[in-house]
Protein chains: 2
Amino acid sequence: MNREPIETCEVSVIHEDVLARVKAKMPDEEPVYEVSELFKVFGDSTRARIICALNIEEMCVCDLAVLLGMTQSAISHQLRLLKVARIVRSRKQGRVVYYALDDAHIGQIFAMAFDHVMEEMEG
Amino acid sequence: MNREPIETCEVSVIHEDVLARVKAKMPDEEPVYEVSELFKVFGDSTRARIICALNIEEMCVCDLAVLLGMTQSAISHQLRLLKVARIVRSRKQGRVVYYALDDAHIGQIFAMAFDHVMEEMEG
DNA sequence: CTAAAGCATGAACAATTGCTCATATGTTCA
DNA sequence: TGAACATATGAGCAATTGTTCATGCTTTAG
C-alpha cells in the first residue's frame, strides 16, 4: 500500500506503531467519561469534606452544615449532586434527613488517594 | 450541665454526640483539600483520556493529539496541568517530548474507579 | 389549624475552566 | 543560516460551577 503523507492534515502522526498499540488497548470512551464524571464530583473540597464526614458516620444536613461551617443551603445543594451521582443515599426520619455513603468503594478510592497525597506531602 | 439552646445561631446542632465523634475522627483540612485537588485534575474527560493512554504507553504530544482527535495546543495545555500536579513526567528527545505517568498509584486509583463505574453501569 | 423546624430548590452572580487562536521557543536538517 | 517541525504559552471567550438569597415543601409541636 503506497500511501502519500496526507498533506492537508494539520497534525501528523510520528509514531504509527505506538498509536496502533495504544488505540488497541484504550478502554471504551463511555466508561472513561463516566470515571471522569465521578472524579469531577470528588474534585470539590466541600464535597470531599462531606464524603470524609459521611465515611465516619451517617449525618443529617444540619449537623453537616455546622461541622463544615457552611450554610444549610450550600450543603443541601452539594448533597443533591452527591445523591444524583449515587455516592450518597438519604433516609428521612420525621423532618430530619440523614445522609450516608451509598457505596463502600467510595471510601476505598478516597483512602487510596489520601495515601498518595500523604506520600507526596512528605517527599 | 444546663445549657440553653443558642438562639442567635442560625444553624442549630441536632446531634451533639454525632458532631463530637465526627469532629474527632475527621482528617486534617489540608490533606482533604489536596485530595480534592487531585480529583479535580482527574475530573476532566480530556485529562482522563490522556491518563488512560499514558497508562498504556509513553507518548509524545503529537500522537496524543491524533489519538484523542484534539489540537496540539489543547493537549499541551492539559499536559502542563498534569505535570504541575505531578501526575505526569516528560522526557525530551530532540524536538519531541515524551510524556509518561509519574506515579504507579495514579493507574491504581484509576483502575479502582473504573471498576466502580463498570459495576454501576451493570446494576 | 398554625407556627416553627429541617430541608430542598430555582434564580442570579462571581469565579473558574477548557478550548481556540496567534505566536514564541527550541531543535533538526539541508 | 534559514526553513520546517514539535511543543509551549499568553490572551480571550464561552461554558460550567459553587455559593448566596429568597422561597417552597414536609413534618412535628402546641
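The structure presented is a predicted model; accordingly, all values stated were derived computationally and were not measured. Chain naming here is simple, since letters A, B, ... match the order of the sequence lines and numbering starts at 1 in each. Any value given below was found using the heavy atoms of this structure, including those in side chains, with hydrogens, waters and symmetry copies removed.
Heavy-atom distances under 4.0 Å link DNA chain D to S76(B), H77(B), R80(B) of residues 76-92 of chain B, given in residue order. Listed by residue number, K40(B), D44(B), T46(B), R47(B) are the residues of residues 28-52 of chain B with a heavy-atom contact under 4.0 Å to DNA chain C.
Phosphate contact (OP1/OP2 of dT20(D), side-chain N/O of S73(A), threshold under 4.0 Å): absent. Considering only side-chain N and O atoms, Y99(A) lies under 4.0 angstrom from the phosphate OP1 or OP2 of dA8(C).
Using modelled atom types, one side-chain atom of R47(A) and one backbone atom of V41(A) make a donor-acceptor pair closer than 3.5 Å.
When each of dT20(D), dC5(D), dT7(D) is scored by its nearest atom to the side-chain atoms of T71(A), the top-ranked nucleotide is dT20(D). Between dG26(C), dA8(C), dA5(C), one nucleotide has an atom nearer to the side chain of V97(A) than all others, and that is dA8(C).
Both V61(B) and I56(B) are part of a single hydrophobic cluster, where members link through side-chain heavy atoms under 4.5 Å apart. V84(B) and L101(B) fall into different hydrophobic clusters, where Ile, Leu, Val, Met, Phe, Trp and Tyr are joined by side-chain heavy atoms under 4.5 Å apart, directly or via other members.
Sequence neighbours left out, the pairs with a member in residues 17-26 of chain B that pass side-chain hydrogen bond (donor to acceptor under 3.5 Å, both in side chains) are E57(A)-R21(B).
With rounding to whole Å, Y98(A) atom OH is found 8 Å from dC7(C) atom P. In this structure, R95(A) places its CZ atom 12 Å from P of dT27(D), rounding to the nearest Å. One interatomic measurement links the two molecules: CD1 of I75(A) to P of dT19(D), which rounds to 8 Å at whole-angstrom precision. Between L68(B) atom CG and dT20(C) atom P there is a gap of 12 Å when expressed in whole angstrom units.
One finds the CZ atom of R49(A) at 4.5 Å from the CD atom of E29(B) (value rounded to the nearest 0.5 Å). One finds the CG atom of D28(B) at 16.0 Å from the OH atom of Y33(B) (value rounded to the nearest 0.5 Å). Considering OH of Y99(A) and CD1 of I75(A), their distance stands at 11.0 Å, rounded to 0.5 Å.
Looking only at atom types and distance, the side chain of R91(A) has a donor-acceptor partner in the side chain of Q93(A) under 3.5 Å away.
Here the two rings, on F110(B) and H105(B), have centers that are 6.0 Å apart or farther.
DNA chain D is contacted by both G94(A) and I14(A); I14(A) maps to the nucleotide lying nearer its 5′ end (nearest heavy atom per residue). Each of A74(A) and Q93(A) has a nearest nucleotide on DNA chain D; the 5'-most of these lies closest to A74(A).
You won't find any donor-acceptor pair under 3.5 Å spanning the side chain of Q72(B) and the base of dA6(D), going by distance alone.
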